[in-house]
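FYI, the numbering just counts along the sequence from 1. Everything quoted here is computed from the prediction, not taken from an experiment.
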Amino acid sequence: FERDTPVGKVKFANLRARFAREGDPWKKKVKGLLCAHLDSKTFNDRTFLGADDAASACAAVAVIGKLLARDKPEQAEQLELVLFDGEEAFAKDMTTLDGLYGSRHYANQWRGSDDKPGFGILLDMIGHENLSIRIPSDSPKDLAERMFSAAKEEDVAGHFGTAPTPIMDDHLPLNLVGIPTLDIIGDFSRKAWWHTTGDNESIISAESLGISIRVVLRMLDGLLLQ
């Protein structure tokens, strides 16, 4: 799809995946969404890799999808994986008109639908060393409680908290069309590498990725088997 941006018209492409042991997965209703954004912010004066923002989340979505398809296909069939394009703003700061291009386009496809998914989980910056997750202050209560419960059960509760304010991210368009979505996002406000060349492979931690993936898998155990 194509959208007007501060730098002119830009073409975007979201990636979606579903799993089915038989039949056409796109003709079946899914119970939930697991999402991340696949674009990196564009800078004119530097090469920005975005190892945590948001390659780590894309990797986690792929790994979770593979694990469920192999070990819990009954859960995999109830989940749609979505990687949004165009999350980052082209101007310096994100606004309601610059950024979230992919999630706004995707969410609009569910507007007015009677068979929309019952929940969404969005991952963003979940692989950095000394993992610090801070979900938005206005997160859906049920999903937030499930995340904190899952983190406690995994004995990693110290890595998860709540930000003092709402956060503008790809969960917002989904919430607005009636798909309650939790943004599991790293505390970027306290990371000196955020949106700098320091966001590279050196800050990525296998332990942090493992923590994030295990918490999401435990959440899905409850959400997809209700």
Side-chain angles (χ1 to χ4, degrees), residues 14-18 30-41 49-69 75-76 78-88 94 99-100 102-103 106-107 117 119-136 139-140 143-144 146-151 154 156 159-163 166-175 179-189 191 194 199 203-224:
N14 294 331
L15 299 181
R16 303 170 62 188
R18 291 188 182 184
V30 292
K31 185 175 280 189
L33 306 173
L34 179 62
C35 316
H37 75 88
L38 55 76
D39 61 314
S40 296
K41 190 165 179 65
L49 180 63
D52 200 36
D53 185 14
S56 64
C58 292
V61 169
V63 167
I64 290 169
K66 184 176 181 179
L67 287 172
L68 293 181
Q75 288 192 26
Q78 298 180 65
L79 196 64
E80 179 174 316
L81 311 182
V82 191
L83 301 183
F84 299 121
D85 198 2
E87 185 264 359
E88 299 284 7
M94 186 181 294
L100 311 184
S103 54
Y106 175 82
F119 73 90
I121 296 174
L122 172 68
L123 305 180
D124 198 356
M125 291 178 274
I126 47 82
H128 53 273
E129 290 181 326
N130 302 316
L131 182 67
S132 176
I133 299 294
R134 294 294 180 268
I135 62 173
S139 296
L143 291 173
R146 286 181 180 274
M147 184 200 73
F148 287 122
S149 177
E154 290 291 334
V156 293
H159 295 281
F160 293 80
T162 303
I167 296 172
M168 187 177 291
D169 204 0
D170 283 319
H171 63 297
L172 291 179
L174 296 172
N175 280 310
I179 303 175
T181 301
L182 178 66
D183 186 15
I184 300 180
I185 184 170
D187 186 9
F188 56 92
S189 67
K191 301 300 181 184
W194 182 59
D199 186 357
I203 67 165
I204 299 299
S205 161
E207 179 183 9
S208 295
L209 283 167
I211 289 170
S212 299
I213 289 169
R214 294 201 317 272
V215 168
V216 173
L217 286 171
R218 191 172 284 272
M219 290 179 66
L220 292 175
D221 276 343
L223 288 163
L224 295 178

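- Counting heavy atoms from C-beta outward, T162 and F148 have side chains that approach closer than 4.5 Å.
- What you find for D52 and G127 is that their closest heavy atoms are OD1-N, 2.8 Å.
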V30/L79 under side-chain contact (heavy atoms from CB on, under 4.5 Å): CA gap, chis, key distance, verdict: CA-CA 5 Å; V30 292; L79 196 64; over 6 Å; no
Trace of the side-chain contact (heavy atoms from CB on, under 4.5 Å) decision for L174 with C35: CA-CA 11 Å; L174 296 172; C35 316; 4.3 Å; yes
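- Atom CD1 of residue I135 and atom CG of residue D183 lie 9.0 Å apart, to the nearest 0.5 angstrom.
- In plain terms, the two heavy atoms of S40 and G50 that are nearest each other are OG-CA, 4.2 Å.
- The two residues N175 and P180 come nearest to each other via the heavy atoms OD1-CA, 3.3 Å.
- Here the side chain of N14 pairs a donor or acceptor atom with the backbone of G102 at under 3.5 angstrom.
- Using a 4.5 Å cut-off on side-chain heavy atoms (C-beta onward), R16 and L81 make no contact.
- Put simply, the side chain of L224 reaches to within 4.5 Å of the side chain of F119, judged on heavy atoms.
- S139 places no side-chain N or O within 3.5 Å of a backbone atom of L182 that could act as its donor or acceptor partner.
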L100 vs M168, side-chain contact (heavy atoms from CB on, under 4.5 Å): CA-CA, chis, key distance, verdict: CA-CA 9 Å; L100 311 184; M168 187 177 291; 4.0 Å; yes
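- One finds the CD1 atom of I185 at 4.5 Å from the CG atom of D124 (value rounded to the nearest 0.5 Å).
- Using a 4.5 Å heavy-atom cutoff, the side chains of K191 and S132 are in contact.
- Closest of all the heavy-atom pairs between P173 and A107 is O-CB, 3.4 Å.
- A distance of 5.0 Å separates CD1 in I133 from OG in S212, rounded to the nearest 0.5 Å.
- Here the NZ-CG distance, from K41 to D53, works out to 9.5 Å after rounding to the nearest 0.5 Å.
- Summarising the local packing, CD of E207 is surrounded by 12 or fewer heavy atoms from other residues, nucleotides or ligands at distances under 6.0 Å.
- Rounded to the nearest 0.5 Å, atoms CE (M125) and CD1 (I184) are 13.0 Å apart.
- Not one N or O on the side chain of D39 forms a donor-acceptor pair closer than 3.5 Å with the backbone of D85.
- Listed for the D199 side chain is a donor-acceptor partner under 3.5 Å among the backbone atoms of A51.
- The side-chain heavy atoms of I126 and V216, taken from C-beta on, include no pair separated by under 4.5 Å.
- Minimum interatomic distance between E87 and M94 (heavy atoms only, all atoms of both residues): O-CE, 3.1 Å.
- At least one side-chain heavy atom of L209 sits under 4.5 Å from a side-chain heavy atom of S56.
- No hydrogens or angles considered: nothing links the side chains of D170 and H37 as a donor-acceptor pair under 3.5 Å.
- Interatomic distance, CG of L143 versus NE2 of H171, reported as 11.5 Å (0.5 Å rounding).
- Residues L131 and V156 fail the side-chain proximity criterion, which asks for heavy atoms closer than 4.5 Å.
- Nearest heavy atoms, R134 versus I167: O-CD1, 3.8 Å.
- Between D169 and F84, the closest side-chain pair of non-hydrogen atoms is not below 4.5 Å.
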